[in-house]
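Everything below concerns the one structure shown next.
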Amino acid sequence: MSFINYAAREINCKLVYYGPGLCGKTTNLQHIYKKVDPGMKGKLISLATESERTLFFDFLPLELGAIRGFKTRFHLYTVPGQIFYEASRRLILKGADGVVFVADSQLERMEANIQSLADMQQHLVDQGIDPDKISLVIQYNKRDLKNAVPIDELQKALNSRNLPWFEAVAPQGIGVFETLKAIAKLVMQELQKKT
Amino acid sequence: MRPITNLVIYEEDLSRINTCLSSLQRKARSAAVLLIDTSGQLIASAGETDALDTTPLASLAAGSVAAAGALAQLLGEKEFSFVFYDGERKRLHLSLIGGRAILLVLLDQNSAVALVRLQVKKFSREIEEVFTELSKRPDPVAEEGNPLAKPNIGEITDDDVENLFGKG
């Protein structure tokens with residue numbers, strides 16, 4: 001849910017990184033945090049377990065440039081990927097304007113990807129969001145691994161809507177900003193389309 | 001109250017909200033008051049907020065209230081009316097307003113919890129009125145052809161998006 005503040009001429013949007021456990025959602029945010037100019041970012045907050053697995057969410061606020069005089073803020077969230085944190089994932093999708101689905105390219109994670117995508121769609125419905133209408137991009141992460149599934153197979157399994165998709169190696173930053181810029185553009189276009 | 005798909009706030013709305021928050025902050029003798037959207041975005045604030053990092057504060061407060069709401073439902077409760085954090089020097093009082101916004105009151109050593117709760121109840125009604133009026137107003141973002149709908153951002157180009165990120 002976008003928050004447009006005419007008094008302050010600000011547009012605030014919420015983006016959520018969703019995907020199965022250990023697919024690289026937090027790594028995406030860590031790379032963005034590392035690379036974005038200090039003046040454009042707030043603190044990266046990670047609610048994680050002692051073993052650095054996301055417990056509730058990661059949060060990174062970005063205060064980007066302006067579009068036609070409206071200062072643009074994106075609040076980036078990740079969900080906890082582990083199966084038993086389902087209730088938390090549902091809460092974090094509340095009010096999302098856009099979602100990045102981060103898929104793990106490894107063959108042995110295909111089932112987890114498919115399950116996670118189905119869960120996401122159900123949780124969006126639970127939050128009153130039409131999963132076929134929300135701005136969504138797919139990131140195929142871990143493309144550098146030997147057991148990575150070919151892109152066309154991933155596409156067949158996960159991208160029936162023919163959504164924008166990106167290959168990524170998040171720890172090296174490959175594909176991270178391409179993905180973020182794509183979802184940012186979709187969200188802003190959606191906001192404009194509705195007006 | 002019908003759900004608002006997008007929250008659009010104009011100068012006069014913000015002015016009313018700011019007046020409410022300032023009065024609440026003063027009368028409750030609290031350090032600061034924040035009004036937060038349930039999705040975690042800060043709407044307005046009053047009091048000593050300069051030393052606060054309000055953006056993550058808003059996000060974490062929303063997460064906390066959302067978790068409390070989910071806990072309540074698991075226990076068969078409609079909701080918990082407030083969430084309270086009690087530290088050595090600082091205390092936080094979080095409450096939902098009409099299921100739409102969160103009121104965060106930061107208490108310091110000079111604040112009394114009972115007074116805060118009393119004033120929160122009173123001012124929550126006033127703030128809820130503002131949101132009720134917002135919800136009755138045609139949703140400018142969703143309503144096609146409404147001149148109020150235009151944030152005047154025009155066509156979004158690839159260059160616009162690149163420029164947003166600077167050299168990122």
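A note on names: the letters A, B, ... follow the listed sequences, proteins ahead of strands, and every chain is numbered from 1. Because only heavy atoms are used, hydrogens play no part in the values below, and waters and symmetry mates are left out as well, while side chains stay in.
- Cation-pi geometry between Lys35(A) and Phe177(A) is not satisfied (NZ or CZ under 6.0 Å from the ring centre, within 45° of the ring normal).
- No side-chain donor from either of Asn18(B) and Ser15(B) sits under 3.5 Å from a side-chain acceptor of the other.
- Tested against Thr78(A), the residues Leu29(A), Val16(A), Val100(A) include a single side chain to side chain contact (heavy atoms under 4.5 Å, CB included) partner, Leu29(A).
- Of all residues in residues 129-145 of chain A, none places a non-hydrogen atom less than 4.5 angstrom from a non-hydrogen atom of chain B.
- In this structure the side chain of Ile4(A) never reaches within 4.5 angstrom of the side chain of Ile9(B), judged on heavy atoms.
- Most heavy-atom pairs under 4.5 Å with chain A, from the set Ala70(B), Gly63(B), Gly69(B): that is Gly63(B).
- Just one of Val113(B), Val116(B), Leu94(B), Val105(B) meets the side chain to side chain contact (heavy atoms under 4.5 Å, CB included) condition when paired with Phe84(B); it is Val113(B).
- Within the cation-pi definition used here (under 6.0 Å to the ring centroid, within 45° of the axis), Lys25(A) does not qualify as a partner of Tyr18(A).
- The most heavy-atom pairs under 4.5 Å with chain A, out of Leu14(B), Thr55(B), Thr157(B), Leu164(B), come from Leu164(B).
- Top candidate by heavy-atom pairs under 4.5 Å with chain B, chosen from Ile32(A), Leu64(A), Leu47(A), Asn5(A), is Leu64(A).
- Contact of Phe56(A) with chain B is made through the side chain alone, with heavy-atom distances under 4.5 Å.
- Only the backbone of Ala66(A) comes within contact range of chain B, with heavy atoms under 4.5 Å apart.
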Does the pair Thr26(A) and Thr54(A) meet the rule for a side chain to side chain donor-acceptor pair (under 3.5 Å), with working shown?
CA-CA 8 Å; Thr26(A) 299; Thr54(A) 304; 3.0 Å; yes
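- Figure legend: Arg100(B) and Phe131(B) shown without cation-pi pairing, the cationic atom not lying both under 6.0 angstrom from the six-membered ring centre and within 45 degrees of its axis.
- Contact of Thr38(B) with chain A is made through backbone and side chain together, with heavy-atom distances under 4.5 Å.
- Put simply, of Asp13(B), Leu42(B), Asp158(B), Asn163(B), the one with the most heavy-atom pairs under 4.5 Å next to chain A is Asp158(B).
- Atom-to-atom distance recorded for Tyr85(B):OH and Leu106(B):CG is 13.5 Å, nearest 0.5 angstrom.
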